[in-house]
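Notes for the one structure printed next.
Every chain is numbered from 1, with letters handed out A, B, ... down the list of sequences.
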2 protein chains.
Amino acid sequence: MENLQNKKESILESALVLINEQGFHGCPVSKVAKNAGVAAGSIYTYFDSKEELIMGVFEYVSEKIKEYVSSKDDESMEYEIRFFNYWKNYTEYFELNPAHHGFYDQFVNSPFHSENSQLKPNGWHEWANQFFQSGIDSGAIKYINPTVLAILVNSNINSVVRIKNNFKNRFAEKNVNLEEISSLIWEGIRNK
Amino acid sequence: MENLQNKKESILESALVLINEQGFHGCPVSKVAKNAGVAAGSIYTYFDSKEELIMGVFEYVSEKIKEYVSSKDDESMEYEIRFFNYWKNYTEYFELNPAHHGFYDQFVNSPFHSENSQLKPNGWHEWANQFFQSGIDSGAIKYINPTVLAILVNSNINSVVRIKNNFKNRFAEKNVNLEEISSLIWEGIRNK
DNA sequence: ATGCTATGATTGAACGTTCATTCAGTTATG
DNA sequence: CATAACTGAATGAACGTTCAATCATAGCAT
């Protein structure tokens, strides 16, 4: 049983890495299988089609993000602290898992996301919505539709991570202090 | 000659629309040709390969954005005004050309962008860099690497447009006033 | 312990389809 | 008449998916 989970996960990770490196058009099932160390046919034991596999990767990554970020949230803290923690932890997750970031960035901007998957429940999105909703409820932030808030905050985090990844050693000095961006956004959304 | 330009442009637009709707994996040369009203083989009169065609679409869109935004910039104005104009015009361009936005969003987050095309000179990116550089030079904004600045500002604009497009009629009321986001970013980057 | 059987996972060659690309022939242009 | 654009059927490679055959496991009987 545990072995099955491992195999499924290694297929997901293999697809993830290939999509990160080559894009959706560059991840044939044959390569996914090879890198996962299984036969091509075996993938169809776990997924009905390649499309389902890609959707599976999205659910897998979403779940991992949710686990990481939610486990580090502390509801008893002041909301401002929680916000900056959220920012830090989400950033941290992507820095620890750059391939996940690459996949996620591609997926959410692709037609995969708009058509099929936005209807399915997504634990991470629900958690993030709830996170911002509780900020509104507690009076810490302005009333802004929490879905819109989540998209805005998360896409800024994504940009920051992308900048950090792409420009790692190119111009480390004299940059904007990227951490300041979180304060900037906070100033914009908090209830004054 | 003009006819040639038109044909090339209709191939580019056809590819653009297909990629926007179906993603890179869903735009076979045969369909691109069909929708452009040319034979499949004709595409190879204008582009050496499908990859070159996709790169061509990127250059085409970049050029269009640059034309639109730069033509509406007025260097004699105060920089703050120019910044808000930049924001407004870039947003406007994508609202007028939603397929261009869909393509651009996908392309810049894909491996196409990181590998090949970031080395090629890009008129729009150069113009935007210069735009932010002149803000720094004039003392209107803090010293921040202009490339980083451009990425941050542009990805916020992209998010705002994406929200507007995706949620058009779903919850128009009671939202964050999306225009406020520009002020928020301006407050963060201006020299105080 | 040992052998037998049933169940289900796993394999990879084979299949039919679709794709990017080519090219011999045709048409338009000046 | 020469040049260049244009066509679309042809080509072969690559792809997603299937499936008959093989293997691993666990339960049960001896």
Side-chain angles (χ1 to χ4, degrees), chain A residues 1-60 103 106-107 110-113 115-117, chain B residues 1-60 103 106-107 110-113 115-117:
Chain A
M1 281 299 117
E2 232 229 9
N3 215 358
L4 295 191
Q5 268 308 331
N6 284 350
K7 197 156 281 183
K8 188 172 180 182
E9 220 173 289
S10 71
I11 292 168
L12 288 166
E13 281 287 348
S14 165
L16 186 56
V17 168
L18 274 168
I19 292 168
N20 174 52
E21 286 167 359
Q22 321 265 358
F24 294 114
H25 58 289
C27 74
V29 174
S30 57
K31 272 195 200 169
V32 173
K34 198 177 189 179
N35 294 1
V38 302
S42 298
I43 288 179
Y44 292 83
T45 310
Y46 301 96
F47 304 97
D48 285 346
S49 66
K50 194 190 170 185
E51 177 144 344
E52 292 268 319
L53 166 59
I54 291 173
M55 294 302 172
V57 176
F58 178 59
E59 285 165 32
Y60 169 74
F103 170 84
Q106 281 183 74
F107 186 90
S110 76
F112 280 116
H113 193 222
E115 284 160 23
N116 315 38
S117 78
Chain B
M1 279 301 116
E2 231 227 10
N3 216 357
L4 295 192
Q5 267 310 330
N6 284 352
K7 198 156 282 184
K8 188 173 181 181
E9 221 173 287
S10 70
I11 292 167
L12 289 166
E13 281 286 350
S14 165
L16 185 55
V17 167
L18 274 168
I19 292 169
N20 174 53
E21 285 167 0
Q22 320 265 0
F24 294 115
H25 57 291
C27 75
V29 173
S30 57
K31 273 195 198 169
V32 173
K34 198 176 189 180
N35 294 0
V38 301
S42 298
I43 289 179
Y44 291 85
T45 310
Y46 301 96
F47 304 97
D48 286 345
S49 65
K50 193 190 169 184
E51 177 143 345
E52 293 268 320
L53 166 59
I54 292 173
M55 294 300 172
V57 176
F58 179 60
E59 284 165 33
Y60 169 75
F103 170 83
Q106 281 183 76
F107 186 89
S110 77
F112 280 115
H113 193 223
E115 283 160 24
N116 314 39
S117 77

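- Going from atom NZ of A:Lys34 over to atom P of D:dC15 covers 12 Å, rounded to whole Å.
- Spacing between atom CG of A:Leu18 and atom P of D:dG16 amounts to 11 Å, rounded to whole angstrom units.
- When rounded to the nearest whole Å, the span between CZ of A:Phe24 and P of D:dC15 equals 17 Å.
- Contact between the side-chain N/O atoms of B:Ser42 and the OP1/OP2 oxygens of D:dT7 is found at a separation under 4.0 Å.
- The B:Pro28 side chain lies nearest to C:dC19 when the options are C:dC19, D:dC15, D:dT17.
- The side chain of A:Ser30 lies closest to D:dC15 when the candidates are C:dA20, D:dC15, C:dT11.
- Distance CZ (B:Phe47) to P (D:dA5): 14 Å, rounded to an integer number of Å.
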Please walk me through it: do B:Leu12 and B:Phe47 pass side-chain contact (heavy atoms from CB on, under 4.5 Å)?
CA-CA 10 Å; B:Leu12 289 166; B:Phe47 304 97; 3.6 Å; yes

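- Annotation: B:Phe58 is not in aromatic contact with B:Phe112 [ring centroid separation under 6.0 Å not met].
- Here the C1' atom of nucleotide C:dA20 and the CD1 atom of B:Ile54 are 11 Å apart, to the nearest Å.
- Rounded to whole angstrom, the span from the CD1 atom of A:Ile43 across to the C1' atom of D:dT18 amounts to 14 Å.
- Within the structure, every side-chain polar atom (N or O) of B:Thr45 is placed at least 4.0 Å from both OP1 and OP2 of D:dA5.
- The side chain of A:Lys7 places an N or O atom within less than 4.0 Å of a non-bridging phosphate oxygen (OP1 or OP2) of C:dT10.
- Taking atom OH on A:Tyr44 and atom P on D:dT17, their separation rounds to 3 Å, with Å as the unit.
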Run the side-chain contact (heavy atoms from CB on, under 4.5 Å) test on B:Asp48 and B:Leu53 for me, step by step, so that the C-alpha distance in whole Å, both residues' side-chain angles and the decisive distance to 0.1 Å come before the verdict.
CA-CA 8 Å; B:Asp48 286 345; B:Leu53 166 59; over 6 Å; no

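- Phosphate proximity of D:dA5 to B:Tyr46: absent, as no side-chain N or O sits under 4.0 Å from OP1 or OP2.
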Go through it in stages, so that I can follow the logic: the residues are B:Val17 and B:Asn35, the test is side-chain contact (heavy atoms from CB on, under 4.5 Å), and I'd like the CA-CA distance, side-chain angles, deciding distance and then a yes or no.
CA-CA 9 Å; B:Val17 167; B:Asn35 294 0; 5.9 Å; no

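- By the 4.5 Å heavy-atom criterion applied to side chains, A:Tyr60 and A:Leu16 are counted as neighbours.
- Atom pair A:Lys50:NZ and C:dT18:P shows a separation of 15 Å (rounding to whole Å applied).
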